[in-house]
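Starting from 1, each residue takes its place in the sequence as its number. Every number for a ligand or one of its atoms is a count from 1 in the order of the listing.
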Amino acid sequence: MKILLLGSGELGKEFTIAAQRIGQIVIAVDSYENAPAMQVAHDFEVINMLDGEALDRVVAKHKPDFIVPEIEAIRTERFYDYENQGITVVPSAKAANFTMNRKAIRDLASKELGLKTANYRYATTAEELQKGVEAVGMPCVVKPLMSSSGKGQSTIKTEADIEKAWKYAVEGSRGDVVEVIVEAFVKFNSEITLLTVVQNNNPTLFCAPIGHRQERGDYQESWQPAIISDKDLYEAQDMAEKVTEALGGAGLFGVEFFLTDDGVYFSELSPRPHDTGMVTLAGTQNFNEFELHLRAILSLPIFEITLEKAGASAVILASENSTNPTYSGIEKIAALPKTDFRIFGKPTSRPYRRMAVALVSDTVETPIEEVVEKAKNAARLITVHS
Ligand SMILES: Nc1ncnc2c1ncn2[C@@H]1O[C@H](COP(=O)(O)OP(=O)(O)OP(=O)(O)O)[C@@H](O)[C@H]1O
Ligand SMILES: NCC(=O)N[C@@H]1O[C@H](COP(=O)([O-])[O-])[C@@H](O)[C@H]1O
Ligand SMILES: [Mg+2]
C-alpha cells in the first residue's frame, strides 16, 4: 500500500519505520527538507500543507491508498474530497478536520456528546475575550483555535493578563483564523492520555493509561501505566469510545483527560499517535502506538494490547537556535541499564524544540515514580549543542 504521510516529525518517523518493516510505501511530506520521517521514507515532498492546491498536486502525483495526517496544520477541508476520490483518509476526513480546530472538536464533545469539559467560550477580539473571562471565571486558559504543543497558550490570573493573553494567542495561532478559546482552569490532580485503537472489523481497544506532566503546554515526561481508579478509567474509556465513534474511521487516537476530585474531564484528542505515547517506544506494550496505528489503518486485526512493562519517557529539548545541532552525552545514556533513547534528526533547533527523548522501562511491579525519575535523569545526560 502507498501511504502519504502529512507531517514528518518524530511521530511520523516512528510510524514510517513501522510501515517500512512490513513492506509499505511511505511518501513523507512536510514544510521543510530533511524532516525526521523523510530520512526513512521512500520519497518526500516539501509543501505548505495549509495550501489546498499544493496538497491537491501532491495527492494527484502520488495517488496514495492512504493519507495519514501527522500534524494538525493541514488544509483538512480538502480531505472530504480525497475520501470521495476513494482514498482512505486516516482515521477519517471528519476526524482530521474536526480536531484541527478546537472549536469543532470541543462543541462536538461538549454540546453534541455531552462529555464533561471545562466551561468555555470563544473570542474573536480582546473585548470578546474579556467577556469570555467573565463568563468562565479566573484563573482560565486561553488558546488559539488552531495551534498545538501549547503554542499561543497562556493562563489568565488577573484582569491585567487578558490583553497579553489575547496578543500571545494571536501570535501563536498557526492557521488563518483569528479566534481563541478561553477555558476555566481545571484544578486537576493528574492528567492522562488514553490511547484508543479503533479497528475496522474488530472491537475498539484501549492501552493502559499514560500519565504525563506538561510545561508551557508541552509534555515533559510521560509514563505508563498511570495509576488511576477503576471508576476514572471506565469514565475515560466511555468518553473515548463516544468521541472516537462520532469522528469515525479506524486508527489510534490519543484522548486527553484531566482527573479531578469531581471526576474525569475530557480535554482534547489527537486522531493519530500522541507525543506522550512515545513512552510505548520503551517496550511497555506488545505493540507500540505507531504499530497499533498502522495495523488499525491497514485493517490488520489486533487481537489484544498487553502491558508488558512499566515505562517512562522524558524529553530532551534544545535551548538555542541552530542550523547544525549536535549532541553530547550519548555514551553516558547508552551505558545506563533498562534505558534507551531516540534522537529525531531534526535539521535545525530553536529554544524548547523537542530534539530527542529518553526511554526507561522496568518490570510492571516497579513503582512508576522511580521509572519516571530514571527517565528524567537519563534525559539530562544528553545536551543539544548549536
Ligand atoms: N482548561 C485547562 N485547565 C488546566 N490546564 C490546562 C487546561 N487546558 C490546557 N491545560 C494544560 O495545558 C496542556 C496543553 O493543553 P492542550 O492539550 O489543550 O494544548 P495543545 O496545544 O493542543 O497541546 P498538544 O498539541 O501537545 O496536545 C494540557 O495538557 C494541560 O496541562
Ligand atoms: N504535540 C504534537 C507533537 O508532538 N507533534 C510532533 O512534533 C512534530 C513537530 O515538531 P517541531 O515543532 O519540532 O517541528 C510533529 O511533526 C509531530 O511529530
Ligand atoms: Mg494536548
Side-chain angles (χ1 to χ4, degrees), residues 5-16 28-32 34-38 49 68-74 99-102 105-106 109 116-121 136-156 169 172-174 180-193 210-220 222 253-260 265-278 289-290 313 315-318 325 342 344-357 384:
L5 179 69
L6 299 180
S8 298
E10 53 269 44
L11 305 181
K13 187 175 197 172
E14 291 295 340
F15 174 80
T16 303
V29 184
D30 213 318
S31 59
Y32 64 97
N34 202 23
M38 292 178 188
M49 289 177 280
V68 178
E70 194 256 0
I71 57 166
E72 285 166 7
I74 303 171
T99 51
M100 178 198 192
N101 187 325
R102 297 187 198 277
I105 186 64
R106 179 53 67 93
K116 183 153 77 184
T117 69
N119 197 1
Y120 65 95
R121 291 287 187 283
V136 304
M138 286 188 279
C140 53
V141 182
V142 177
K143 306 169 205 173
L145 284 191
M146 293 208 217
S147 76
S148 62
S149 293
K151 292 195 184 80
Q153 176 180 327
S154 67
T155 303
I156 293 180
S173 177
R174 78 165 113 76
V180 305
I181 184 171
V182 52
E183 299 181 18
F185 189 92
V186 179
K187 290 186 195 69
F188 56 82
N189 301 318
S190 66
E191 48 183 327
I192 60 160
T193 304
I210 293 169
H212 52 93
R213 189 182 67 83
Q214 305 256 336
E215 264 177 40
R216 301 171 306 276
D218 207 11
Y219 114 90
Q220 305 299 301
S222 68
F253 296 73
V255 192
E256 299 175 29
F257 297 99
F258 299 129
L259 308 187
T260 76
Y265 282 71
F266 169 81
S267 173
E268 59 154 11
L269 84 164
S270 67
R272 58 180 157 269
H274 199 270
D275 51 6
T276 63
M278 280 195 282
E289 64 165 346
F290 308 99
S313 78
V315 302
I316 295 158
L317 307 177
R342 297 282 188 278
F344 308 143
K346 291 184 182 175
T348 63
S349 71
R350 56 175 181 268
Y352 297 117
R353 191 175 197 188
R354 187 165 62 220
M355 305 299 282
V357 68
V384 186

If I compare all heavy atoms of [X] with all of [Y], which pair ends up nearest, and what's the gap?
| X | Y | value |
| --- | --- | --- |
| Pro271 | Thr99 | CG-OG1, 3.2 Å |
| Thr260 | Phe188 | CG2-CA, 4.0 Å |
| Leu317 | Val384 | O-CG2, 3.8 Å |
| Thr193 | Glu256 | OG1-CG, 4.4 Å |
| Gly7 | Glu70 | C-OE1, 3.0 Å |
| Pro36 | Phe344 | CB-O, 3.4 Å |

Is it the case that ligand 2 has an N or O less than 3.5 angstrom from some N or O of [X]?
| X | result |
| --- | --- |
| Ser149 | yes |
| Arg354 | yes |
| Glu70 | yes |
| Gly9 | yes |

Location of contacts on Leu11 toward ligand 2, heavy atoms closer than 4.0 Å: both
Within reach of ligand 2, part of Glu10 (heavy-atom separation under 4.0 Å): both
side-chain contact (heavy atoms from CB on, under 4.5 Å) partner of Glu10, chosen from Arg342, Lys346, Met355: Lys346
Looking only at distances, please establish whether an N/O atom of ligand 1 is found under 3.5 Å from an N/O atom of [X].
| X | value |
| --- | --- |
| Ser149 | yes |
| Ala118 | no |
| His274 | no |

Worked check of side-chain hydrogen bond (donor to acceptor under 3.5 Å, both in side chains) between Ser147 and Arg102: CA-CA 9 Å; Ser147 76; Arg102 297 187 198 277; 3.0 Å; yes
Starting from [atom], find the nearest protein heavy-atom neighbour and note its residue, name and distance.
| atom | answer |
| --- | --- |
| atom 14 (O) of ligand 2 | Arg353 NH2, 2.7 Å |
| atom 8 (N) of ligand 1 | Lys143 NZ, 3.0 Å |
| atom 31 (O) of ligand 1 | Glu191 OE2, 2.5 Å |
| atom 5 (N) of ligand 1 | Phe188 CE2, 3.5 Å |
| atom 7 (C) of ligand 1 | Phe258 CZ, 3.6 Å |

Nearest candidate to [atom], where distance is taken over non-hydrogen atoms, out of [options]:
| atom | options | result |
| --- | --- | --- |
| atom 10 (N) of ligand 1 | Arg213, Gln153, Glu268, His212 | Gln153 |
| atom 21 (O) of ligand 1 | Gly150, Gly217, Gly172 | Gly150 |
| atom 4 (C) of ligand 1 | Asp218, Val186, Thr99, Leu269 | Val186 |
| atom 12 (O) of ligand 2 | Lys346, Arg350, Glu72 | Arg350 |
| atom 1 (N) of ligand 1 | Glu183, Glu215, Arg106 | Glu183 |

Minimum-distance N/O/S atom that Glu268 presents toward the Mg ion (ligand 3): OE2
Ligand 1 contact by Tyr219, heavy-atom criterion under 4.0 angstrom: no
Proximity flag Tyr120 to ligand 1, non-hydrogen atoms under 4.0 Å: no
Interfacing atoms of ligand 2 (cut-off 4.0 Å, heavy-atom, Ile71): 15 (C), 16 (O)
Cation-aromatic face contact Arg272/Phe253, 6.0 Å, 45 degrees: no
List ligand 1 atoms under 4.0 Å from [X], heavy atoms only on the residue side.
| X | answer |
| --- | --- |
| Ser148 | 21 (O), 25 (O) |
| Arg102 | 18 (O), 19 (O), 20 (P), 21 (O), 22 (O) |
| Gln214 | 13 (C), 14 (C), 29 (O), 31 (O) |

Presence of salt bridge, Glu183 and Lys143, under 4.0 angstrom: yes
Charged N-O contact under 4.0 Å between Arg106 and Glu268: no
Within reach of ligand 1, part of Ala184 (heavy-atom separation under 4.0 Å): backbone
Ligand 1 versus Glu72: contacting region, heavy-atom distance under 4.0 Å: neither
Heavy-atom side-chain proximity of Val357 to Tyr219 below 4.5 angstrom: yes
Short side-chain to backbone donor-acceptor contact, Thr16 and Gly12, under 3.5 Å: yes
side-chain hydrogen bond (donor to acceptor under 3.5 Å, both in side chains) between Ser8 and Tyr32, worked out: CA-CA 9 Å; Ser8 298; Tyr32 64 97; over 6 Å; no
Audit row: Thr348, Arg353, side-chain hydrogen bond (donor to acceptor under 3.5 Å, both in side chains) steps and yes/no: CA-CA 9 Å; Thr348 63; Arg353 191 175 197 188; 3.1 Å; yes
